Amino acid sequence: MAAQAPGSYAPPAPALAERVGWLKLLGAFRRNTLEALPRACLDAPAVTIPLPGGGRIVLLATPAGARHVLLSATQDFTRLPAGRRALGPIAGNGLVLADGEAWRHQRKVLAPAFTPRTLPLMLRFVARSADESCRRLAAGLGAPADLRSEMQRVALDIATTSMFSLETGALGTEIRALVSGYLDRLGKPTVADFLLPAGWPTPSSPRRALFRRRWLKVVQAVLAARREQGAAGSARDLFDLLVEAHGEAPGGLLADEVGTLIVAGHETTASTLFWACTLLARDPAVQDALAAEAAGLDLSEEGAAASLAHLRLARSVVQETLRLYPPVYVIPRRAARAGAVEGTEIPAGGIVMIPTWVLHRDPRWWDRPEVFDPHRFLDRPEPDRFAYLPFGAGPRICIGAQLALAEATLVLARLMRDMRLSLADDRPVLPVATTTLRPDHVPRFHLESRTG
């Protein structure tokens with residue numbers, strides 16, 4: 001496989017649509033939502049897609065539009081019923097789907113676990129899990145490696161040990177299979193999810209309800225294992241904070257919060273690490289630079305926190321991966337009242353979408369946006385805050401954003417210090433928009449030890 005010249009690799013991606021009507025939108029929801037994002041978003045501040053019955057979707061692909069919706073006028077825009085339909089079976093009434101006073105209370109409960117002072121303790125768990133992952137990969141050298149599965153495993157290990165002081169063991173395999181299967185299929189919003197009024201069943205409702213029952217059984221098993229283990233030690237962990245706030249009633253908010261944090265705590269990191277590996281496989285020079293950066297640093301449990309600040313290139317690779325493959329590829333909202341954004345009238349009840357995927361690849365805000373170039377986050381001016389939205393923005397920005405960025409940085413540095421990687425074949429790995437950005441197939445990687 002021919003290597004790309006440094007700073008020249010443009011990863012394959014679906015082309016933006018030249019024209020989008022509701023029929024094309026319907027087809028894209030079934031295949032890949034990215035195919036329905038219109039090229040006009042690269043030129044116009046707002047693009048309107050008419051819907052049957054007089055409805056409309058307005059896409060806002062400018063920093064000013066994103067700032068208005070996510071920060072300046074948050075009270076004018078609410079979450080869509082489609083999001084609750086798609087994520088409700090896995091998140092319940094947890095933080096991701098909570099609104100109003102319930103959301104404010106839940107965020108206040110969780111906030112102490114995600115402050116900067118807790119990061120050094122969290123990074124000890126990250127370093128331990130990264131070391132175990134590298135040992136597993138080293139044991140399998142010589143055979144094609146499934147790095148998507150491995151990154152899911154290491155990210156789940158980090159999430160459960162750092163937040164809940166719990167080794168999932170055999171439960172981990174079931175959790176990964178359930179979450180991955182749901183996000184690949186039933187978790188993908190459908191046209192019916194968007195068009196039908198809140199509370200109405202959709203064709204996916206029965207299967208989602210069945211998944212919900214299975215998921216709650218697994219979460220209850222996690223809770224039972226954590227209770228049996230007893231107190232986490234002298235320092236309270238996130239489980240202790242949640243029990244104190246919500247109690248331990250079966251099927252209550254505790255289960256929803258734990259389930260939400262397990263999914264959110266590992267899915268974003270696993271996805272980011274996988275896509276970073278596909279990018280680095282085409283850029284051996286950046287791999288070598290990452291290895292050189294990590295070579296003189298202590299990435300053990302004891303030294304990880306102090307070393308994090310020195311992993312500047314590794315962090316920039318993670319940031320660039322999040323630009324090219326944002327976990328939230330579109331941010332949808334519904335207008336609570338009539339108004340105007342970027343000169344476009346939006347009726348009450350109108351759907352507004354911020355297509356993060358387009359915003360991150362727009363040449364108005366980014367130099368050579370199609371190219372994998374980690375140095376854009378190292379030696380160039382910072383982008384407009386609302387041109388880069390991997391974790392959202394405003395009051396509802398992801399509460400674990402800094403932890404996710406830190407753990408992906410550390411795991412990636414540890415992996416590159418030990419291994420060289422390449423893709424086993426030349427078949428392009430294309431992103432498919434489901435609940436998050438998933439690969440169109442699971443590629444295999446060749447791994448080679450840097451120490452022989």
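Only a predicted model underlies this, so the values are computations on that prediction, with no experimental measurement involved.
Around atom CD of Gln75, more than 12 heavy atoms belonging to other residues, nucleotides or ligands sit under 6.0 Å away.
Rounding to the nearest 0.5 Å gives a distance of 11.5 Å between CG of Leu359 and CG of Leu59. Separation of atoms CZ (Phe445) and CG (Leu423) is listed at 4.5 Å; rounding is to 0.5 Å.
Taking both residues in full, the closest heavy atoms of Leu415 and Cys277 are given as CD2-SG, 3.9 Å, listed atom of the first, atom of the second, then distance. Between Gln220 and Ala255 the shortest heavy-atom distance is NE2-CB, 3.8 Å. The two residues Asn32 and Ala433 make their nearest non-hydrogen contact at OD1-N, 2.9 Å. Contact record, Pro45 with Thr62: CA-CG2, 3.6 Å, taken as the closest heavy-atom pair. Heavy-atom minimum distance, Ala113 versus Thr118: O-OG1, 3.1 Å. When all heavy atoms of Ala127 and Leu410 are compared, the closest pair comes out as N-CD2, 4.0 Å.
Side-chain contact between Leu280 and Leu290 is present, with heavy atoms from C-beta onward closer than 4.5 Å. Within the 4.5 Å cutoff, side-chain heavy atoms of Phe372 are placed close to those of Val317. The shortest distance between side-chain heavy atoms of Leu421 and His446 does not fall below 4.5 Å. The closest side-chain heavy-atom distance from Leu137 to Glu150 is below 4.5 Å. Two residues are said to be in side-chain contact when any heavy atoms from C-beta on lie closer than 4.5 Å; Phe391 and Arg396 fail this criterion. When side chains are defined from C-beta on, Pro390 counts as touching His360, because their heavy atoms get closer than 4.5 Å.
Annotation: cation-pi pair Arg361/Trp357 present, NZ/CZ under 6.0 Å from the ring centroid and within 45° of its normal. Geometric assessment of Arg323 against the ring of Trp366 yields a positive cation-pi assignment under the 6.0 Å and 45° thresholds.
Judged by distance alone, the side chains of Arg185 and Thr434 never bring a donor and an acceptor atom under 3.5 Å apart.
Annotation: side chain to side chain contact (heavy atoms under 4.5 Å, CB included) contacts of Pro12 (sequence neighbours excluded): Tyr9, Pro428, Leu430.
A donor-acceptor pair under 3.5 Å links the side-chain atoms of Arg85 to the main chain of Trp200, judged by distance alone.
Checked against the 6.0 Å centroid threshold, Phe377 and Tyr388 count as a close aromatic pair.
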